Amino acid sequence: MDFIIEAAVKAIKQLYQTDVAPATISLQETRKEFEGQVTIVTFPFTKFSRKGPEQTGTEIGEYLKNELKEIAAFNVIKGFLNISITDEYWIGQLYNHILAEDFAVAKPNGQKVMVEYSSPNTNKPLHLGHIRNNLLGYSVAQILGAAGYEVVKANLVNDRGIHICKSMLAWQKFGNGETPESSGLKGDHLVGKYYVLFDKAYKTQIDELKAEGQSEEEAKKNAPFIKEAQQMLQKWEAGDAEVIKLWKTMNEWVYAGFAETYKQLGVSFDKYYYESNTYLLGKDIIEEGLQKGVFFKKEDGSVWIDLTADGLDEKLVLRSDGTSVYITQDLGTAQLKYNEFHMDKSIYVVGNEQDYHFKVLFLILRKLGKAGADGLFHLSYGMVDLPSGKMKSREGTVVDADDLMAEMNATAKAQTEAMGKVDGFTEADKLQLYHTIGMGALKYFLLKVDPKKRLLFDPNESVDFQGHTGPFIQYTHARIKSVLSKAGYQLNNKIEVTELASVERDLIVLLTQFPDIIGTAANEYSPAVIANYAYELAKTYNKFYHEKSILQAEDEISKQFRLQLSASSAKVISKAMNLLGIDVPERM
RNA sequence: GCACUCGUAGCUCAAUUGGAUAGAGCGUCUGACUACGGAUCAGAAGGUUAGGGGUUCGACUCCCUUCGAGUGCACCA
């Protein structure tokens with residue numbers, strides 16, 4: 001549509017002797033209730049034209065119509081110039097772009113981006129909150145790839161610390177040598193079980209101490225279990241052979257469990273980082289910052305940065321005993337990543353409770369003048385809450401990721417069977433299909449919402465399969481495929497249609513927008529943009545499908561044309577869903 | 001207390017980044033060619049965009065303020 005903007009700039013120069021930047025011309029989709037496909041808002045030009053918005057619109061409209069053969073007609077309503085573009089133009093779009101092999105395939109833009117997501121703790125299984133994180137991260141990576149970036153998907157595993165020692169200790173005390181094999185439990189669930197057991201036992205000890213007259217705070221510090229866990233952490237840091245061995249064993253269990261969950265979710269990573277390798281990093285950056293005068297040292301030896309000029313506080317970056325804090329290792333890890341990949345952008349998919357942390361982290365890296373510091377972005381997303389409130393692993397009030405996915409599959413199975421649509425499917429095909437639909441419903445449900453909004457999830461109200469949902473879009477795709485196969489469709493040459501019905505035009509207009517939609521989604525790091533587009537497209541296709549007969553079209557030309565339109569729609573739906581990490585079935 | 005985020009139909013979400021009469025789905029109600037696949041389509045009802053003020057041709061969107069929800073403000077990670 002750039003050619004219209006260009007012409008409008010020329011029009012304004014000719015008519016009103018004023019140069020305007022192309023960006024000041026807002027070209028938008030015409031609202032459905034008006035004639036036309038694109039609209040120019042003319043209010044901003046009234047200052048140059050010294051005429052009313054309607055007259056200004058009419059003048060520009062006339063100029064454009066004379067200038068551009070693609071413009072069939074225009075109408076002006078208040079300050080809105082609605083432009084109708086010729087059917088010839090739209091038909092050309094279909095044949096020259098949409099049906100082309102490379103439609104919506106962006107050329108490499110020469111930029112590299114890292115998307116870090118998932119970043120689990122190895123002391124418990126994944127839950128619904130992690131699912132949102134994983135889906136967002138994976139989808140954003142897909143979208144950036146489609147927009148022309150070279151993408152590196154990274155996972156920073158939090159595999160050390162006091163919380164890991166808690167499950168280890170509880171397993172030592174209560175485990176009786178239990179393993180995933182002996183218990184039949186998935187590895188991450190087994191470890192998670194001991195994490196919960198630790199917390200229970202710890203609480204009991206706290207209560208005992210309180211009964212003996214200690215304050216809550218004292219009791220929390222003095223409980224034998226927490227002391228033992230701390231000792232274990234010290235042993236771990238000292239490289240104690242026995243502790244390390246147990247740590248490795250239990251981590252292996254967890255990784256095996258995670259691998260299965262990731263596989264079910266359909267997410268993957270190109271690069272793993274482990275905190276056990278990175279937690280000591282960052283001290284050289286502290287030194288560098290001191291030399292540059294970005295940091296300062298207090299009398300006790302602790303190192304700080306003063307961010308009050310930026311509206312934040314003073315922030316500790318190194319303890320007085322010389323050991324790292326959270327942000328120290330994040331500084332180091334950022335450097336490590338950059339040294340390895342030299343990426344232009346780095347996206348951190350992390351929940352919004354860490355907004356402040358990332359604000360500080362990025363600010364520090366920028367003040368240090370680090371390469372790549374301008375490309376840092378925290379993709380912050382809202383928590384997933386239950387009707388009962390927040391999910392808490394320690395208290396067991398979580399929606400477990402594996403359970404939820406199994407439930408989604410079961411629901412998909414029940415729905416599909418109830419409709420009796422799986423005749424001729426092998427058992428393996430059926431399982432595959434239920435998984436595709438169940439995950440489609442879940443993924444779409446989580447991704448259609450703006451990431452930064454918090455999400456309420458009611459486990460008792462199952463995720464819908466009708467209306468604005470993943471299965472709705474999947475169904476549209478399957479139905480198109482069915483029609484195409486019935487027609488024995490093959491892509492053939494351009495069909496000489498000359499006129500479009502309005503539903504056909506609407507569909508082509510939407511299809512042409514796909515590359516721009518990918519661009520917008522990439523710029524905003526928002527899968528929701530893609531999700532809403534895919535829905536809009538499916539809906540428009542369904543409308544077309546109901547209004548126009550394809551196999552019984554009026555004539556062969558119309559039939560072939562509509563088949564091509566259908567094939568294009570299926571292709572774009574499939575690609576869009578793919579960007580969300582959602583598969584679309586051929587039959588369902 | 002300070003900072004950040006959010007508040008749109010009964011419910012779950014949109015709104016082309018300041019543009020037209022705020023749109024969808026679910027739910028409720030009414031319809032659709034003896035199904036090119038009905039997980040679909042057409043229609044109805046449902047709104048003081050939390051309240052108030054301001055900025056301007058125009059505000060769900062920007063500014064101020066009140067209320068409500070959430071999160072963060074550790075020599076924890």
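Sequence lines set the chain letters: A, B, ... in the order given, protein chains first and strands last, and positions in each chain run from 1. Nothing here was measured: the structure is a model prediction, and the numbers come from that model.
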Do A/Tyr356 and the base of B/rA3 stack face to face, with centres under 5.5 Å apart and an angle between planes under 30°?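 Not stacked by the 5.5 Å and 30° rule.
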pi-stack flag for A/Phe34 and B/rA20, centroid dist under 5.5 Å, interplanar under 30°: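 Stacking between A/Phe34 and B/rA20: present.
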Under 3.5 Å for both donor-acceptor distances, Watson-Crick or wobble: does B/rA24 have a partner, and if so which one?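 B/rA24 is paired with B/rU12.
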Specify whether A/Tyr533 and A/Phe514 have parallel, tilted or perpendicular ring planes, treating 30° as the upper limit for parallel and 60° as the lower limit for perpendicular.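 Rings of A/Tyr533 and A/Phe514: parallel, as their planes differ by under 30°.
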Would you kindly compare A/Lys543 and A/Asp313 by the position of their nearest RNA chain B nucleotide and give the one closer to the 5′ end?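 Checking each residue's closest nucleotide, the 5'-ward one belongs to A/Lys543.
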Quick one: on RNA chain B, does A/Leu551 or A/Ile162 contact a more 5' nucleotide (nearest heavy atom)?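 Its nearest nucleotide being more 5', the pick is A/Leu551.
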OP1 or OP2 of B/rA20 versus the side-chain N and O atoms of A/Arg31: is any pair under 4.0 Å?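 Yes, within the criterion.
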Side chains of A/Ile40 and A/Ile4: closer than 4.5 Å at any heavy-atom pair?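 A/Ile40 vs A/Ile4: side chains touch.
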So, do A/Phe457 and A/Leu404 sit near enough that their side-chain heavy atoms are less than 4.5 Å apart?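 The answer is yes; the side chains approach within 4.5 Å.
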Classify A/Gln329 by what it touches in the nucleic acid, base, sugar-phosphate, or nothing, heavy-atom distance under 4.0 Å.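 Since only primed, P, OP1 and OP2 atoms lie under 4.0 Å of A/Gln329, the category is sugar-phosphate.
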How would you label the contact of A/Pro451 with the nucleic acid (heavy atoms, under 4.0 Å): base, sugar-phosphate, or nothing?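 Counting heavy atoms under 4.0 Å across all strands, no contact is made by A/Pro451.
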Checking the side chain of A/Glu116 only, and the main-chain atoms of A/Ala154 only, is there a donor and an acceptor separated by less than 3.5 Å?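 The answer is no, because no donor-acceptor pair under 3.5 Å joins these two groups.
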